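As structure tokens, the structure follows; a few thoughts come after it.
Remember, predicted model here, so these are calculated numbers, not experimental data. Per chain, numbering begins at 1; letters A, B, ... match sequence-line order. We use all heavy atoms of the structure for the numbers below, so side chains are in, but hydrogens, waters and symmetry mates are not.
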Protein chains: 2
Amino acid sequence: MTTPARATGARPDDSPGDLFNPACPTRQVLDRLSGKWESMLIKVLAGAAPGEVRFAELRRRVSGISQKMLSQTLRSLERDGLVARRVEPTVPPAVHYSLTPLGLSLDGPLDVLRQWAERHVVEIETARTRYDEA
Amino acid sequence: MTTPARATGARPDDSPGDLFNPACPTRQVLDRLSGKWESMLIKVLAGAAPGEVRFAELRRRVSGISQKMLSQTLRSLERDGLVARRVEPTVPPAVHYSLTPLGLSLDGPLDVLRQWAERHVVEIETARTRYDEA
DNA sequence: CTGTATCCACTCAGATACTG
DNA sequence: CAGTATCTGAGTGGATACAG
């Protein structure tokens with residue numbers, strides 16, 4: 001994702017109604033959430049809040065995710081300050097993940113979207129079917 | 001994206017807290033919005049609602065988008081019943097796009113996310129910088 | 001247990017050129 | 001004007017193997 005530095009340069013880019021300039025905050029957040037697992041991870045962690053969840057347990061809760069994507073997604077979430085990581089220096093190590101206050105504050109907005117989704121999936125699927133028939 | 005039919009099959013997949021099964025509506029909606037342009041297009045069209053916007057005008061309003069991505073994104077949005085397309089049979093043809101009631105109803109939830117984004121971008125950027133330094 | 005490294009397939013997104 | 005077709009590079013995500 002990583003905000004593309006203005007694409008072509010075809011136009012000098014000073015259009016009035018340009019939502020693309022300057023680097024739209026919404027874009028950045030949406031990009032962050034646009035991955036395949038980000039939003040699910042936040043929901044799972046929010047569901048466990050304020051408790052911590054270990055790596056293996058997360059893997060179980062978000063079934064279908066690969067080890068790679070789990071650690072990759074967690075790292076990106078941690079980088080953005082949405083997820084906290086705590087390592088217990090035992091052998092073998094136990095790593096606990098939890099939502100930061102910032103991460104937790106995102107769950108509300110995400111939930112609004114979730115509710116919209118649940119209310120309208122059928123409509124969308126209907127529209128899709130109708131479109132594909134034509 | 002297209003919901004991946006349960007990945008590996010490693011586990012019989014009947015975990016209790018499994019958000020992945022059955023095909024989560026949230027996932028589908030988030031997937032729909034996860035593209036680079038989808039949410040921006042909805043915002044632009046919502047800003048013009050209930051008016052219609054022509055193809056070329058959209059291209060101007062969402063600067064940086066290529067012709068290909070614009071038509072591609074509009075088609076997927078139309079397919080899902082979020083966007084309406086009206087062709088005026090003149091020569092050359094004039095095509096008008098607008099949000100359907102369904103599409104319009106999505107603008108609210110999206111706006112919640114936008115507001116969250118605007119309130120917290122700085123925090124996120126700070127966290128990111130701090131993480132990258134370590 | 002909790003990752004990282006590597007390889008590979010697939011999709012996304014942009015550039016360019018062409019059509020009704 | 002409003003697209004479609006094609007080519008290409010970059011990014012995403014999965015499988016597998018290996019490491020602290």
(message) Can you tell me which nucleotide in C:dG14, D:dG14, D:dA2 comes closest to the side chain of B:A56?
(response) D:dA2
(message) Distance check needed: D:dA2 P versus B:R86 CZ, whole Å only.
(response) 12 Å
(request) Establish, with yes or no, whether the OP1 or OP2 oxygen of C:dC1 is under 4.0 angstrom from a side-chain nitrogen or oxygen of A:R54. (result) no
(request) Calculate, to the nearest 0.5 Å, the distance between atoms CD1 and CG belonging to B:I42 and B:L33 respectively. (result) 5.0 Å
(request) Starting from C1' on C:dT4, measure out to CZ on A:R75 and report it in whole angstrom. (result) 8 Å
(message) Tell me whether the side-chain N or O atoms of A:K68 pair up with the base of D:dG13 as donor and acceptor below 3.5 Å, since no angle test is needed here.
(response) yes
(message) From CZ of B:F55 over to C1' of D:dA2, roughly how many Å is that when rounded to an integer?
(response) 6 Å
(message) As a test of reading the structure: which of D:dA2, C:dG3, C:dA13 is closest to the side chain of B:M69, going by heavy atoms?
(response) C:dA13
(request) To the nearest 0.5 Å, tell me how far A:R86 CZ sits from A:E88 CD. (result) 5.0 Å
(message) Tell me the interatomic distance from A:L70, atom CG, to D:dT12, atom P, rounded to whole angstroms.
(response) 17 Å
(message) Can you identify which nucleotide, out of D:dG14, C:dG14, D:dG3, has its nearest atom closest to the A:K36 side chain?
(response) D:dG14
(request) Ignoring backbone atoms, test whether B:T90 places a side-chain nitrogen or oxygen under 4.0 Å from the OP1 or OP2 oxygen of D:dC1. (result) no
(message) Just the rounded figure in Å: distance from P of C:dT2 to CD1 of A:I65.
(response) 14 Å
(message) Nearest whole Å is fine: how far is D:dC1 P from B:L74 CG?
(response) 16 Å
(request) Measure the distance from CH2 on A:W37 to C1' on D:dG14 and round it to the nearest whole Å. (result) 10 Å
(request) Between B:A94 and A:Q72, name the one whose nearest nucleotide on DNA chain D is closer to the 5' end. (result) B:A94
(message) Under 4.0 Å from OP1 or OP2 of C:dG3: is there any side-chain N or O of A:Y97 that close?
(response) yes
(message) How long is the straight-line distance from OG1 of B:T73 back to CE of B:M40, given to the nearest 0.5 Å?
(response) 10.5 Å
(message) With rounding to the nearest 0.5 angstrom, report the CD to CD1 distance, B:Q72 to B:I65.
(response) 9.5 Å
(request) May I have the distance from B:R60 (atom CZ) to D:dC1 (atom C1'), rounded to whole angstrom? (result) 11 Å
(request) Among the candidates D:dT4, C:dG20, C:dG3, find the nucleotide nearest to the side-chain atoms of A:Q67. (result) C:dG3
(message) For the CZ atom of A:R60 and the CZ atom of A:F55, what is their distance to the nearest 0.5 Å?
(response) 11.5 Å
